[in-house]
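Side-chain atoms are counted along with the backbone in the values below, which use heavy atoms only and exclude waters and symmetry mates. Here is how names work: the chains are called A, B, and so on, in the same order as the sequence lines, proteins then strands, and each is numbered from 1.
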Amino acid sequence: MAMLSALTFFSNYTIQQNISLVNTKATKNHEPRTLPKSSRTDKYNRQSIDVNVSDARKNHLLTESLISYVNYGDMDNALYLFEGMSKSDTFVWNVLIRGLTDNGFFREAVDLYYRMCFSGVRADKFTFPFVIKACGELCDLREGEKVHAKVYKVGLDFDVYICNALICMYAKVGDIECAERVFSKMQRRDLVSWNSMISAYAIIGDGWSSLLCIKKMQSVGIGHDKFTVLSSLKACSLLCSLIIGKEIHGQVIKSTFRSDVVVQTSLIDMYGKCGQVQYAQNLFNWIPQMSVITWNAMIGCYALNLHPLESFTCIRNMQASGLVHPDKITLINLLPSCAQVGALIPAKSIHGFAVRREFLPHLVLETTLVDMYGKLQELRLAKQVFDQMNMKNLISWNAIIAAYVQNGQSRQALKLFSDLINNHCVPDASTISSILPAYSDIASLREGKQIHGYNIKKEFSANNFITNSIIYMYARCGDLLIAQQIFDRMYNKDVISWNTIIMAYGIHGFGKESLKLFCRMRENDIEPNASTFISVLSSCSIAGLDEEGWKYFHLMKWEYGIDPQIEHYGSMLDLLGRKGDLEKAKKFIDEMSLPPTARIWGSLLSASRQHGNIELAEVAANHILSSAHDNTGCYILLSNMYAKAGRWEDVERIKGLMSEKGLAKTTGCSDIEINYKTIRFVNHDRSHLKTDKIYDVLAILLRWIGEELFVGLSKFNPVDLVRTRLNSPKCHSIRLAISYGLISVSVGKPIVIKKNVRICSDCHDAAKKISDITNREIVVGDSKIYHHFKDGKCSCKDYW
DNA sequence: ATAGGGTTAG
């Protein structure tokens, strides 16, 4: 008896002493944890227990103590106690495995189960649910299957509790077929079994199956409870089905759990996901008591529905309430709002808050930070967070790749993409849709085909977004024919597919084809949107279809009620510029309903260059240079105009301005792909193995087209001649590539060349003539459009 | 004496 009181005292003592070391909050739904290696001290002197107490009695008392520790979440001491006990009793093992699972020590729970097996202690129907749950939490399908096999072997595969646990486990690892198989083989199903299956469909994102399962459950006469409601609300969120959501809300109001905070939170979440901020807010305002999760759901609702300021107000109110504190998920939900308002300083302070609160490292939070910095155009910070992550998954990789693509770093994005594959990650549809624009940008047909092949293998072609991107990619890589074929084979073309194919023909200068496609699109009852008209109008402007361009510009407004955006205005301005009426063009800019952007001034600059109006070019250039836009091209264009006019002081002035801003002239180069290899030429390149032959061909070509390779122009004075010769267009990369193409590409096939900057007018002229005298089609993709040179003409009709 | 299903996240 004395010993008993000693034990009681001891228990109380340790529990009180340990209270700060122990998890006193809810003991469920932890993130996975690991036990510290023997952090326990020896101040708990348990040896005193053994005197005068029978073994059975002793074990009983120890077990009670063990349960106390487990229920307090003090697994460290629970394990210590366990090691000192007789381990023949299944019950003790079960208590400890439950404790580990409940407290988030999933790997340890599974390990302890194996130790139990090896110790020869039989696992019973109580053991398996905990172990199976731990496997599910670990997302370890192989481990889960092993335990399932054992369940089957010991004949417990008809136990309702175990089967229910198996359904949940299979759902968590994403194996819905296995979950369904367990469910269908059950001889007896209770409400929990049905709820588990309903929730399983919701977990894998199959809202319809989830709702259908509820119907089926009702048809066999089983009523619902709040767990059913929670899953059904999740299904509504997945389906964005406000109608069903409201119906369930109605049922909730009539039910006994209408004031349950979990159900209320779920309703707020559902309204948020269905885009109904007002409904969510009304609920939130009247909710009797809120948990941190309720606040998080409301903040997430605002962020999701692009109400960034409200989400900031919400977190301020949350902190002012003093009842709950922001947690990791609060920040995860809040961060997109920073990107939405372009607010770097709040973003950084939230990041700092996370660091101070020791929320990091945390996979999801870090990934959100990467995503947000990417959207705020802070690539350096995005990369910094990404590099510091000690755990990365596919979603984090997708975030950093998207950040690079969105910020125009296509080459680097592709490098990361190959890093991801070398890291044994398997890209998903999201990775592919992020990376495809980068492939379009680098416009390498060889690499483009590789990624296309990968998509076919992975069966991503069912995804419209991806297929549309692939169509665009082929067009940008110069292979309009494949683009067309893929488009033709799509069986569910959406408006974006049509916009893409119209644009594809547009950038290749086949404006008439674009307009035919627009008509076909209308015949197919696809309603055009603003982007459709960007495709149509830019096709018209690239091909110089003046009359048609204006017709569609007016049609867009008056028949389809679409107000012109800056891109639409830009295309119309290109058409005006082409005609050379620069005054009219200037007037058009003044009369636009939108403030002009760099795109608009760029258009005016091109027109001024084409018609040799330096004064207007300077006006346009000054506007571009005063914006934060990347304006390297603008400097170069202006500098070339000055050079052409012999204004060398101004050329030097521009050069000075560029070096002041740290801008370097982009080295122009021309790529040609021969036999799955990309050959790159720069101006005056002599690095190719066949250099002598290439220059021989070039010399012949130039003689044919009436230029001489080694004779300078005579209309400049000697000093200018030297300057001019330094950058003589006669040996520009494009001509070297054409010469090489003529001796490498089989006769009859077009010579396709990609250029990283716009083609100069001398080379444009030369290419036309070469196409004529050699009777070859030459296709040159520059940084904006494709030029198809054939029979001495170019598809751009000499305006670009 | 120990069981199973639940709300917010990139």
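Among the protein residues, A:Lys234 comes within range of the sugar-phosphate backbone only, with heavy atoms under 4.0 Å from sugar or phosphate atoms but none that close to a base. If you check every strand for non-hydrogen atoms under 4.0 Å, A:Asp260 touches a base. Residue-level contact check: A:Val160 touches the bases, meaning some heavy atom is under 4.0 Å from a base atom. A:Leu363 comes within 4.0 angstrom of a nucleotide base, judged by non-hydrogen atoms across all strands. Using a 4.0 Å heavy-atom cutoff across all strands shown, A:Thr127 reaches no nucleic acid atom at all. Heavy atoms of A:Leu191 sit under 4.0 angstrom from at least one base atom. Here A:Phe128 lies out of heavy-atom contact (under 4.0 Å) with every strand. No contact: A:Asp327 has no heavy atom under 4.0 Å from any strand.
Here the side chain of A:Thr63 is nearest to one of B:dA9, B:dA1, B:dG6, namely B:dA1. Counting only heavy atoms from C-beta on, A:Pro129 has its side chain closest to B:dG4 among B:dA1, B:dG4, B:dT7. Closest approach to the A:Ile332 side chain among B:dT7, B:dG5, B:dG10 is made by B:dG10 (side chain taken as heavy atoms from C-beta onward). Nearest nucleotide to the side chain of A:Arg98, out of B:dA1, B:dA3, B:dG10: B:dA3. Nearest nucleotide to the side chain of A:Cys168, out of B:dT7, B:dA9, B:dG5: B:dG5.
Aromatic ring centroids of A:Tyr271 and A:His249 lie under 6.0 Å apart.
A donor and an acceptor atom never sit less than 3.5 Å apart when one is taken from the side chain of A:Thr368 and the other from the base of B:dG10. In this model, no side-chain donor or acceptor of A:Asn195 finds a partner on the base of B:dG6 within 3.5 Å. Contact of A:Asp190 with B:dG4 (side chain to base): a donor-acceptor pair of N or O atoms is detected under 3.5 Å.
Residues A:Lys383 and A:Asp387 are paired through a salt bridge, judged by an N-O separation under 4.0 Å between the basic side chain and the carboxylate. A salt bridge is absent between A:Asp111 and A:Arg115; no separation between the charged side-chain nitrogens and carboxylate oxygens falls under 4.0 Å.
One interatomic measurement links the two molecules: CD1 of A:Ile329 to P of B:dT8, which rounds to 9 Å at whole-angstrom precision. Following rounding to the nearest Å, A:Leu335 (CG) and B:dT8 (P) show an atom-to-atom distance of 19 Å. In this structure, A:Leu62 atom CG and B:dA1 atom P are separated by 18 Å, rounded to whole Å. Rounded to an integer number of Å, the gap from A:Asp371 CG to B:dA9 C1' is 12 Å. A:Phe126 has its CZ atom 10 Å from the P atom of B:dG4, to the nearest Å. In this structure, CD1 of A:Ile198 is placed 13 Å from C1' of B:dG6, rounded to the nearest angstrom.
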Donor-acceptor pairs under 3.5 Å, side chain of residues 147-163 of chain A to any protein atom, not counting sequence neighbours: which ones?
residue	atom	partner	partner atom	Å
A:His148	ND1	A:Tyr170	OH	2.7
A:Asp159	OD1	A:Tyr161	N	3.0
A:Asp159	OD1	A:Ile162	N	2.9

What side-chain donor-acceptor pairs closer than 3.5 Å can you find for residues 171-178 of chain A, not counting sequence neighbours?
residue	atom	partner	partner atom	Å
A:Asp175	OD1	A:Cys178	N	3.2

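Note: A:Ser434 OG to A:Phe417 CZ = 10.0 Å, rounded to the nearest 0.5 Å.
For the segment residues 267-282 of chain A, the set of residues with a heavy atom within less than 4.0 Å of an atom of DNA chain B comprises A:Asp269, A:Lys273, in numerical order.
At least one side-chain nitrogen or oxygen of A:Lys133 sits closer than 4.0 Å to the OP1 or OP2 atom of B:dG5.
At a cut-off of 3.5 Å, with distance as the only test, no side-chain donor of A:Thr368 or A:Asp371 sits close to an acceptor on the other residue.
The 12-atom threshold is exceeded at CD of A:Glu180, counting heavy atoms of other residues, nucleotides or ligands nearer than 6.0 Å.
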